[in-house]
Amino acid sequence: MKRTKIKDLLNGEEGEALVKGWVKTRRDSKGGFSFLEINDGSCLANIQVVIEHTLSDYSSIENQLMTGSCVSVRGKLVASEGKGQSMEVQATGIEVYGPAPADYPLQKKRHSFEFLREIAHLRPRTNTFGAIMRVRNRLAFSIHRFFQDKGFVYLNTPIVTTSDCEGAGEMFQVTTLDMSNPPRVDGAVDGAVNGKIDFSQDFFGEKTFLTVSGQLEGEIYAMALAEIYTFGPTFRAENSNTSRHLAEFWMVEPEMAFYDLDDNMDLAEEFIKFLLSDIMEHCAEDMEFFNKRIDTTILETLRNIIDNQFERLTYTEAIHQLQKATETFTYPVEWGFALQAEHERYLSEKVFKKPIIVFNYPEQIKSFYMKLNEGGETVRAMDVLLPNLGEIIGGSQREENYDVLLQRLRDKDLDPEEYWWYLDLRKFGSAPHSGFGLGFERLVQFVTGMENIRDVIPFPRTPKHAKF
RNA sequence: UCCGGUGUGGCGCAAUGGUAGCGCACUCGACUGUUAAUCGAGUUGUUAGAGGUUCGAGUCCUCUCACCGGAGCCA
């Protein structure tokens with residue numbers, strides 16, 4: 001007989017059933033039977049199994065039917081006699097795959113997320129993490145669906161890369177050299193620490209790193225396939241210790257030929273709204289759980305975002321808004337200075353009370369590849385800022401003019417030689433194009449209402465932490 | 001990296017410088033078509049680590065480590 005998932009049993013019809021899963025809790029009755037709650041991850045709800053103590057072999061497995069044990073139950077799916085569940089399984093046979101001794105760390109009570117992080121191999125068995133991972137899965141799926149429906153091509157950009165393309169923070173170095181005695185340029189060996197390390201002898205023949213963004217490679221393919229998107233792991237070796245940063249995270253980066261900044265913002269807004277409404281529809285049970293146990297306003301918040309237009313304002317307008325604010329800020333508000341977290345929060349949470357898109361930032365505070373506006377003061381950059389979370393999307397229209405890009409590289413003290421192929425894209429058949437990056441974990445965080453980004457990824461990597 | 005906070009049975013927490021307690025879990029018993037079941041009894045501690053002050057330190061001081069929150073950086 002084939003196993004039926006609990007999700008299907010709960011919506012199924014009476015009859016023979018085979019359930020396999022992990023025991024959440026057991027309640028004994030002196031009436032000669034026990035209740036077992038079993039979960040198999042197919043949904044948040046457990047199925048209740050009723051076991052008559054007269055069942056053959058029951059006495060030999062009774063002490064193995066504990067919280068955490070893994071079991072296979074054969075029985076009859078029937079309408080429940082008790083309250084609290086519609087269907088239940090009357091057991092006719094039980095097999096214990098793996099008992100869980102009394103030192104099983106997950107108890108029938110709430111645990112702190114800090115504690116659960118220490119047992120990342122067991123935390124997926126909790127209600128919260130099961131729900132998070134189902135939502136995460138659905139979001140990943142609907143990201144692909146959104147772009148596939150629009151004819152975007154899914155592109156895998158390299159994870160190992162040779163240059164710090166954006167100047168975006170610290171990178172993880174990748175090497176196969178012997179760290180205790182690396183080869184030196186001057187041929188010196190043991191002890192000669194003055195000679196520079198000879199990376200020509202490294203695996204790739206030069207210094208290599210883990211990618212901080214697939215954007216530049218994404219642009220290459222957008223200049224051929226017109227609309228592409230990447231969705232893959234990204235690495236930042238920043239010593240960031242916050243609830244919104246990971247050293248290894250997943251990023252979605254669409255890149256589109258023939259899109260200007262307005263098209264780019266339209267896509268970003270449509271994208272977020274699509275993902276949120278999809279999750280409300282397809283993860284309703286899990287979302288109810290988050291609304292009840294994690295953040296009692298989450299459903300209302302998501303609904304509001306889906307139903308309302310994002311507020312779009314230029315950086316300059318944002319500065320004006322901040323300058324007329326009665327609130328006092330820790331950091332100065334002045335044109336040309338970066339917007340701080342407190343400024344972004346004020347705008348999205350106090351002034352507009354909804355997602356905002358700030359665009360046309362000062363040229364000096366943004367990356368070299370962003371398209372310069374007329375006058376040269378600002379670039380066509382845009383950030384999507386969500387209330388309570390902050391930046392979830394950062395993007396821009398790219399500079400497609402060869403001469404302007406070359407000058408921008410020089411102005412920012414970057415070596416044009418290293419960007420030769422990026423410049424070539426502007427030399428041969430250049431086109432206006434745009435793109436953005438969305439932090440996948442930040443999306444999961446926002447949708448679930450979870451406070452710490454370390455709890456929305458299966459195995460978080462943060463400074464001093466790469467366990468499991 | 002900076003600022004602030006925390007570190008006590010398996011887990012969540014308490015304890016004026018003076019006998020380390022409570023809840024949950026666990027064990028035993030009672031009760032029950034039960035629902036995070038309930039009721040009674042019982043077991044569980046190198047108070048993160050190292051040093052110091054003191055007659056006496058979980059508590060005060062110094063250092064180290066870890067974690068949490070905020071900031072910076074960003075997605």
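Side chains are part of it too, since the values below use all heavy atoms of this structure and drop only hydrogens, waters and symmetry mates.
The base of B:rC74 does not come close enough to the side chain of A:Ser240 for any donor and acceptor atom to sit less than 3.5 Å apart. Contact of A:Glu342 with B:rG72 (side chain to base): no donor-acceptor pair of N or O atoms is detected under 3.5 Å. A donor and an acceptor atom sit less than 3.5 Å apart, one in the side chain of A:Gln48 and one in the base of B:rU34. Between the base of B:rU32 and the side chain of A:Asp28 there is no donor-acceptor pair shorter than 3.5 Å. Side-chain to base pairing of A:Ser243 with B:rG69: no donor and acceptor N or O lie closer than 3.5 Å to each other. A donor-acceptor contact under 3.5 Å links the side chain of A:His245 to the base of B:rC74.
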Once pairs are restricted to Watson-Crick or G-U wobble with both distances under 3.5 Å, how does RNA chain B read as a dot-bracket string, [ ] for crossings and | for other-strand pairs?
(((((((..((((....[..)))).(((((.......))))).....(((((..]....))))))))))))....

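Checking B:rU27, B:rA75, B:rG33 against every side-chain atom of A:Glu391, the shortest atom distance belongs to B:rA75. Distance from the side chain of A:Phe249 is smallest for B:rA75 among the nucleotides B:rA75, B:rC67, B:rC68. Distance from the side chain of A:Phe115 is smallest to B:rG12 among B:rG12, B:rG33, B:rG72. Out of B:rG69, B:rU1, B:rU34, the shortest distance to the side chain of A:Arg454 is found at B:rG69. Closest to the side chain of A:Glu114, out of B:rC67, B:rU35, B:rA75, is B:rC67. Among B:rU35, B:rG12, B:rA75, the nucleotide with an atom closest to any side-chain atom of A:Arg27 is B:rU35. For A:Arg236, counting side-chain heavy atoms from C-beta on, the closest listed nucleotide (B:rG33, B:rG72, B:rC74) is B:rC74. In this structure, the nucleotide among B:rC67, B:rA37, B:rA71 sitting nearest to the side chain of A:Arg117 is B:rC67. Nearest nucleotide to the A:Gln340 side chain, out of B:rA75, B:rG72, B:rA66: B:rG72.
Not less than 6.0 angstrom separates the ring centroid of A:Phe146 from the ring centroid of A:Tyr229. In this structure, the ring of A:Phe147 has its center no less than 6.0 angstrom from the ring center of A:Phe231. Side-chain rings of A:Tyr315 and A:Phe359 stay apart, their centers remaining 6.0 Å or farther from each other.
If you take atom P in B:rC24 and the same atom in B:rA20, they sit 24 Å apart, rounded to whole Å. Straight-line distance between the P atoms of B:rA48 and B:rA15: roughly 15 Å, to the nearest whole Å. Comparing the C1' positions of B:rA66 and B:rU32 gives an interatomic distance of 46 Å, to the nearest angstrom. Nucleotides B:rG10 and B:rG45, compared at atom C1', are 12 Å apart to the nearest Å. The separation of B:rA14 from B:rU47, taken at their C1' atoms, amounts to 12 Å, rounded to a whole angstrom. Across the P atoms, B:rC26 and B:rC68 are found 28 Å apart, a figure rounded to whole Å.
Between A:Phe152 and A:Tyr259, the ring planes are perpendicular. Angles over 60° get that label, and only those under 30° would be called parallel.
Residue A:Phe113 is out of contact with every strand shown, counting any heavy-atom pair closer than 4.0 Å. Among the heavy atoms of the strands lying under 4.0 Å from A:Leu246 is at least one base atom, whether or not backbone atoms are also near. As judged by a 4.0 angstrom heavy-atom cut-off over every strand, A:Glu88 is placed among the base-contacting residues. Here A:Gln445 lies out of heavy-atom contact (under 4.0 Å) with every strand. A:Asp103 comes within contact range of no nucleotide atom at all, as no heavy-atom separation falls under 4.0 Å. Looking at heavy-atom distances under 4.0 Å, A:Val50 makes contact with a base.
A:Phe368 does not carry A:Lys412 over the face of its six-membered ring by the limits of under 6.0 Å from the centre and within 45° of the normal.
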Please table the atom pairs, donor to acceptor, closer than 3.5 Å between any side-chain atom in residues 334-343 of chain A and protein atoms at least two apart or in another chain.
from: A:Trp335; atom 1: NE1; to: A:Thr316; atom 2: OG1; distance (Å): 2.9
from: A:Glu342; atom 1: OE1; to: A:Thr330; atom 2: N; distance (Å): 3.0
from: A:Glu342; atom 1: OE2; to: A:Thr330; atom 2: N; distance (Å): 3.0
from: A:Glu342; atom 1: OE2; to: A:Tyr331; atom 2: N; distance (Å): 2.7
from: A:His343; atom 1: ND1; to: A:Gln340; atom 2: N; distance (Å): 2.9
from: A:His343; atom 1: NE2; to: A:Tyr331; atom 2: O; distance (Å): 3.3

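Between the OG atom of A:Ser396 and the CE atom of A:Met382 there is a distance of 8.0 Å, given to the nearest 0.5 Å.
For the pair A:Arg244 and B:rA71, the criterion of a side-chain N or O lying under 4.0 Å from OP1 or OP2 is met. Between A:Asn241 and B:rA71, a side-chain N or O to OP1/OP2 separation shorter than 4.0 Å is absent. Using a 4.0 Å cut-off, some side-chain N or O of A:Thr25 falls inside it from OP1 or OP2 of B:rA37.
In this structure A:Asp455 satisfies the side chain to side chain donor-acceptor pair (under 3.5 Å) test together with A:Arg117, A:Arg123, sequence neighbours excluded.
The aromatic ring of A:Phe33 does not sit over the base of B:rG33; the criterion of centres under 5.5 Å apart with planes under 30° is not met.
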Just do the ring-ring contact (aromatic ring centres under 6.0 Å, His included) check on A:Phe33 and A:His53 with the steps written out, would you?
CA-CA 5 Å; A:Phe33 49 92; A:His53 292 172; 7.2 Å; no

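We find that CE of A:Met370 is positioned 10 Å from P of B:rC74, with the value rounded to whole Å.
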